[in-house]
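Following: one structure in structure tokens, then a few remarks.
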Amino acid sequence: MQGIRIFLSALTLALLALAMSAASAAAAIARKDAPVSPEQASNPKADPQDIILPMPCGLSMALRAVAVPGGLMHDRRIVMGLGNTDPERQLYERRFESHIAAPFTTADLPAAWQSRLDPNQQQGFTFYFLGKYEVSQYQWDAVMQESCPAGPPAEGDLPRREISWFDVQRFLQKYNAWLVANHPDKLPRFAGNENNIGFLRLPTEEEWEFAARGGSRVPGEDRDNNDIFPLGQDRLEDFGVFSGQSALTAPSAIGSRKAGPLQIYDTVGNVKEMVDGLFHFSVADMRENGEVFQRLHGAAGGMLCKGGSFRSTQQGVLPGWRDEVPLYTAKGETRPDDMGFRVALSGLNVGSGQRLATLKRENAGREAAQTAAATAAAQAGTGQHMAQTAPAATPLAELDRIAGTAPPEMQPALARLRNLLSDRQSAQERQRAEVLENTARALLYQAETIRGFAFRYFTLHANWLEYLEKHQGTDTNAAKQKIDQRLDEYYQLLLTAANYYKSTLARVSEAEPAEVADIIGRFRQEYSADDSLSRHMRENIASVDKHLKAARSQGIAALDQKQICRDIIPDVHLKALPLKKREGR
């Protein structure tokens, strides 16, 4: 009897599985036969900040602006790869240092594009543009077929896959040619040379990973140290399609999951995406001073793919994951059935003579500023008499003066020396700018420390009042002494933190106001999310901005530590603090 029950149970489960499989197959057939609209295959999650390019057959290509902090010559250091990877995968994606930059300034963009940029990106950023979704089957057909499809194809909103790197280059060539022939006014043009325009290509690994990690919408400390952008209350599977606990046999429609911080979809799984670059190992190396660093190995391999696919594990869909795929095998061009792509729109680094002059000015470092500072220091030291003398020369200016009178046989050596000094000065300027940004960022966290001590004081004070209410009529003197001592400790720590903040503020206030304003603008962009830390940081930014203006106009000494606290601490916590009462002591 027991055996019969087991048999019947097994039979029931088998029939149930068969029914579910049939239902799944029926759903798949229905899905395959159902046509999709151009919107579903082009931009299913439209947003007012989307950048839209036209496509043949009435379709469109949605792009998202990726803002890179810094100027044209001031590329940004970024950390790529995975911090927590399997030992056998370290050669693939060990963390390594790279850099990111972009070729477009706001002035290079069409007016319609400028109006769609985030207001916090208007100053101190350059731009490239990344496809909002993986290229869909319908978009592919619209470009590659000789005539437009008779109607929306079934599964037209699925990512195009089973294509080779060479197929993608043919798609890009045809689409770029169509845009130039039919809609050249829709593309960015470089100020100073209207003939040079933006063009579509595959993104580089740096461009792809920077955007997939959240770009400038994610604080730099999170982007460099975490393997994925902050998920909040969501799970990784909310953002992508990957195998997880069950095997998948096909990708999902573009935009079917949540977007990342830049409103870019499908970077987590679905289909792995080709990038414009070849695979290199990630290796550890050592400099002459004993510093260990990670870099990419010199050997260039096959195609590099990012993002993982519907077949990947959870780790395999993280932004730092790196896949190597051959361009060719013994069977010919490689066309994996889980590999697709998205487009990037970029342009020339030197798009015009005007751009070249700008690059030279940026690369020259702070020669003029150094000369002005030296002149100001001399004038301050000796009075008005120094105003009549020539300004102090910088090393490069002095070398140029010497070279102007040196014999011809010395000119090559002087030119090499000038290049060496120029490179050193440029590197020092980059280091100085990075130190200033890190110092300004530390200022925000020092403000957060002040808020933290105020919160501790407020909480302890509130708990004490609650304790007194519950123990009315009892002797609480001993407990009061302990509480007063702890409250006083928090208060002194608060004032010490305010003094530390003031010292850091003094260093930042000595920098060029325009440069600091650019940094503050970048911070506003990084902390634009709706989580509690970002909200705190935006309030801290407002306080820092106020204190910088006061320090420049009145001097840093005019900023009182208690006033600093009153500006930073939220009103609800400020009321518990004895700042006003203690000022009279």
Dump the intermediate steps for salt bridge (Lys or Arg N to Asp or Glu O under 4.0 Å) on Glu437 and Arg441, then the final yes or no. CA-CA 6 Å; Glu437 182 166 338; Arg441 192 183 298 275; 3.6 Å; yes
Name every donor-acceptor pair, under 3.5 Å, that has one atom in a side chain of residues 341-348 and the other anywhere in the protein, sequence neighbours excluded.
{"from": "Arg342", "atom 1": "NE", "to": "Glu273", "atom 2": "OE1", "distance (Å)": "2.7"}
{"from": "Arg342", "atom 1": "NE", "to": "Glu273", "atom 2": "OE2", "distance (Å)": "3.4"}
{"from": "Arg342", "atom 1": "NH1", "to": "Gly131", "atom 2": "O", "distance (Å)": "2.8"}
{"from": "Arg342", "atom 1": "NH1", "to": "Lys132", "atom 2": "O", "distance (Å)": "3.4"}
{"from": "Arg342", "atom 1": "NH1", "to": "Tyr265", "atom 2": "O", "distance (Å)": "3.2"}
{"from": "Arg342", "atom 1": "NH2", "to": "Tyr265", "atom 2": "O", "distance (Å)": "2.7"}
{"from": "Arg342", "atom 1": "NH2", "to": "Glu273", "atom 2": "OE2", "distance (Å)": "2.8"}
{"from": "Ser346", "atom 1": "OG", "to": "Arg201", "atom 2": "NH2", "distance (Å)": "3.1"}

Glu539 bridged to Arg535 by N-O distance under 4.0 Å: no
Between Asp222 and Arg213, does any NZ, NE, NH1 or NH2 come within less than 4.0 Å of an OD or OE carboxylate oxygen? no
Less than 3.5 Å apart, any donor N or O on the side chain of Glu448 or Asn540 sitting next to an acceptor on the other? yes
Heavy-atom closest pair, residues Asn193 and Ser352: CB-CB, 3.4 Å
Minimum heavy-atom separation for Leu443 to Tyr501, with atom names? CD1-O, 3.4 Å
Got a sec: does the CZ of Arg424 have more than 12 other heavy atoms crowding it under 6.0 Å? no
State whether Arg161 and Asp338 are salt-bridged, where the test is any N-O pair (Lys NZ or Arg NE/NH1/NH2 against Asp/Glu carboxylate O) under 4.0 Å. no
Has Gln431 got more than 12 heavy atoms of other residues, nucleotides or ligands less than 6.0 Å from its CD? no
Does CZ belonging to Phe455 count more than 12 external heavy atoms closer than 6.0 Å? no
Do you know the tightest heavy-atom contact between Phe239 and Ala259? CE2-O, 3.2 Å
Could Asp234 and Arg257 be called an ion pair, given the rule that one side-chain N must be under 4.0 Å from one carboxylate O? no
Over all atoms of both residues, closest heavy-atom pair of Lys502 and Ile556: CE-O, 3.2 Å
Please report the shortest heavy-atom distance between Lys272 and Val325, naming the atom on each side. NZ-CG2, 4.1 Å
I would like to know whether Thr105 and Asp108 meet side-chain hydrogen bond (donor to acceptor under 3.5 Å, both in side chains); could you show each step before the answer? CA-CA 5 Å; Thr105 65; Asp108 301 320; 3.0 Å; yes
Under 3.5 Å, sequence neighbours excluded: what are the donor-acceptor pairs made by side chains of residues 313-321?
{"from": "Thr313", "atom 1": "OG1", "to": "Gly316", "atom 2": "N", "distance (Å)": "3.3"}
{"from": "Gln315", "atom 1": "NE2", "to": "Asn84", "atom 2": "O", "distance (Å)": "2.7"}
{"from": "Trp321", "atom 1": "NE1", "to": "Asp323", "atom 2": "OD1", "distance (Å)": "3.3"}

Out of Asp118, Asp531, Asp530, which one pairs with Arg217 under the salt bridge (Lys or Arg N to Asp or Glu O under 4.0 Å) rule? Asp118
Check ion pair Arg524-Asp545 (N to O, under 4.0 angstrom): yes
